[in-house]
Number of protein chains: 2
Amino acid sequence: MNKKLEEAPLTFISGEIRTGPGAIQNLSIDCVIFGFHQGRLKVLCVKYAMGEHAGRWALPGGWLHKDESIDDSAARHLRDLTGLEDIYLEQLQAFGSIDRVPGQRIVTIAYYALVRPEDYELIIGYTTDDVQWRDVEETSGLIFDHDQILHCALDSLRHKVRHEPIGFNLLPKKFTLLQLQELYEAILDVKLDKPNFRRKMIKMKLLVPSGEKQQHVAHRAAELYRFDEEIYKRLCEQGFTFEV
Amino acid sequence: MNKKLEEAPLTFISGEIRTGPGAIQNLSIDCVIFGFHQGRLKVLCVKYAMGEHAGRWALPGGWLHKDESIDDSAARHLRDLTGLEDIYLEQLQAFGSIDRVPGQRIVTIAYYALVRPEDYELIIGYTTDDVQWRDVEETSGLIFDHDQILHCALDSLRHKVRHEPIGFNLLPKKFTLLQLQELYEAILDVKLDKPNFRRKMIKMKLLVPSGEKQQHVAHRAAELYRFDEEIYKRLCEQGFTFEV
DNA sequence: ACAAAAGTGTTTTGTCTACACCCATGC
DNA sequence: GCATGGGTGTAGACAAAACACTTTTGT
């Protein structure tokens, strides 16, 4: 773990960002990594230890290398930071104001990722100075234009989560309908009607009951569902569109 | 006009793309410029005159300069090619496969623009070897990954036009409801019911009658409407969302 | 008169919403 | 038994779809 963190995404030497070997000048990658924990939407942030910006929070990122595509680069940075592979990862957009990094001209390509709580438990407790899950609502004051990137990613997530079944990437593989509802309520910042939400989801046929139920709960145990990607693809071919 | 075309977006010298002065290495801008003409969705393409790729069609584009933001750069390229300012212009995304330009590593940031037929009449007849409006459906075989970029832009447009009132940017300032319907039918490739489409649009209150009517038509003259940006903003603040 | 498109009305069907209600389980 | 969440039922409001119909205008 520590080894990975030493490979800091951006290295500051007395205020200037130094590119590594194999890196492309002027081009970086930044990742907005969303998580969902205890009913709150979280984002993974890193804190720089050295240089002019020491102590300030930022989105994780790093240089684009010559021998990798931009998508591969984002996946590499995500893997280096979290150890996770096969994560939902999608390009947000490029950010390229002239002065987004003072004194240098760096265009960054931002990605956002959705990770499962069960997968990132390794680092959820890792609340040192270096890397931390932060509440999205309470995260501001990030370095450079990272506040703007985060805001943009959140907008995109809010929109996308309503029109595509990507929210499941933030939940455990098996989840209850209430968990799913709470996820939507957290992301969209709305209150939903339980019976109606339930019916809407069931009617779409995208969720298949796992046959298992919750264990050790102080109320009637709920059915655990999983999202079926194959069914979704098949329905899409028939003109189905996901809507929440 | 010819002067502008001489400032070719990308200059090929015996197969290699040469950057100009002030350009940033490895970073280019490409524009997908949509138009709507005679009921068909069009895209503006350019043909290279010299070099290895002579005779092949491409999306217009060029280098990102050091002293301009990526948004400004896209607007500059659009202006240089068409002479138009204040055009609807939005970033699509970055494209950065390793081998998208053979032998070189160039990441491009793609934009798409929507232009009014009344504005581009200057060049609609300009069907020389250099620049041409082409039918979107019949456009393929473009250089590099430009087919993919076009496809991606069309996907984005199809999605966006249903959830945001941007289609009006492809129509004259004043238009009839049937023109609007035909635009949606062309973009989404569907057939819509006239009475229902009409009511849906009217009910949204976004269109204001101009008081004028069509002239010299061989049937009952239709009311000409215009889209009101201010009303749209006001409605959005009240939680309104545009849907077609 | 006729063609062509403008524009209105109506019926049917389905979906969204709100809210009342019963069920299962652990304490 | 009671709190908690799981899960079902239902009536009314609302919106979408299908299509018949009337109006206006140039030829």
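Chain letters run A, B, ... following the sequence lines, proteins first and then strands; every chain starts at 1.
Environment of CZ in A:Arg76: crowded, with over 12 heavy atoms of neighbouring residues, nucleotides or ligands closer than 6.0 Å.
The nucleotide whose nearest atom lies closest to any side-chain atom of B:His219 is, among C:dC19, D:dA18, C:dA6, C:dA6. For B:Ala222, the side-chain atoms get nearest to C:dA6 when compared with the rest of C:dA6, C:dG9, C:dC23. In the set D:dG7, D:dG5, D:dA20, D:dG7 carries the atom at the smallest distance from any side-chain atom of A:Glu223. For B:Asp193, taking side-chain heavy atoms from C-beta onward, the closest of the listed nucleotides D:dA18, C:dG7, D:dG9 is D:dA18. If you check C:dA5, C:dC16, D:dG6 against the side chain of A:Lys200, the one that comes closest is C:dC16. Checking D:dG5, C:dC19, D:dA16 against every side-chain atom of A:Pro195, the shortest atom distance belongs to C:dC19.
Taking for each of B:Ala221 and A:Lys203 the nucleotide of DNA chain C with the nearest heavy atom, the 5'-most of the two is the partner of B:Ala221.
Rounded to whole Å, the distance from CG on A:Leu192 to P on C:dC19 is 15 Å. Straight-line distance from the CG atom of A:Leu180 to the P atom of D:dG6: 12 Å, rounded to whole Å. The nearest whole Å value for the distance from the CD atom in B:Gln214 to the C1' atom in C:dG7 is 13 Å. Separating the NZ atom of A:Lys213 from the C1' atom of C:dT25 is a distance of 12 Å, rounded to the nearest angstrom. Rounded to whole Å, the distance from CE on B:Met204 to C1' on D:dA16 is 13 Å. Whole-Å rounding puts the A:Leu207 CG to D:dG7 C1' distance at 15 Å. Put simply, CD on B:Gln181 is 12 Å from C1' on C:dG7, counting in whole angstrom units. Protein atom CG of B:Asn196 is 13 Å distant from nucleotide atom P of D:dA20, rounded to whole Å.
Using a 4.0 Å cut-off, some side-chain N or O of B:Lys194 falls inside it from OP1 or OP2 of C:dA6. Checking the phosphate oxygens (OP1, OP2) of D:dG7, a side-chain nitrogen or oxygen of A:Arg198 falls inside 4.0 Å.
At a cut-off of 3.5 angstrom, counting only N and O atoms as typed in the model, there is a donor on one side and an acceptor on the other between the side-chain of A:Arg199 and the base of D:dG9.
Within 4.0 Å (heavy atoms only), A:Leu178 reaches sugar-phosphate atoms of the nucleic acid but no base atom.
Taking both residues in full, the closest heavy atoms of B:Ser97 and A:Ser69 are given as CA-CB, 4.0 Å, listed atom of the first, atom of the second, then distance.
Taking the centre of each ring, B:His146 and B:His151 stay at or above the 6.0 Å mark.
Donor-acceptor pairing under 3.5 Å is recorded for the side chains of A:Asp30 and A:Thr108.
Using a 4.5 Å heavy-atom cutoff, the side chains of A:Val136 and A:Phe36 are not in contact.
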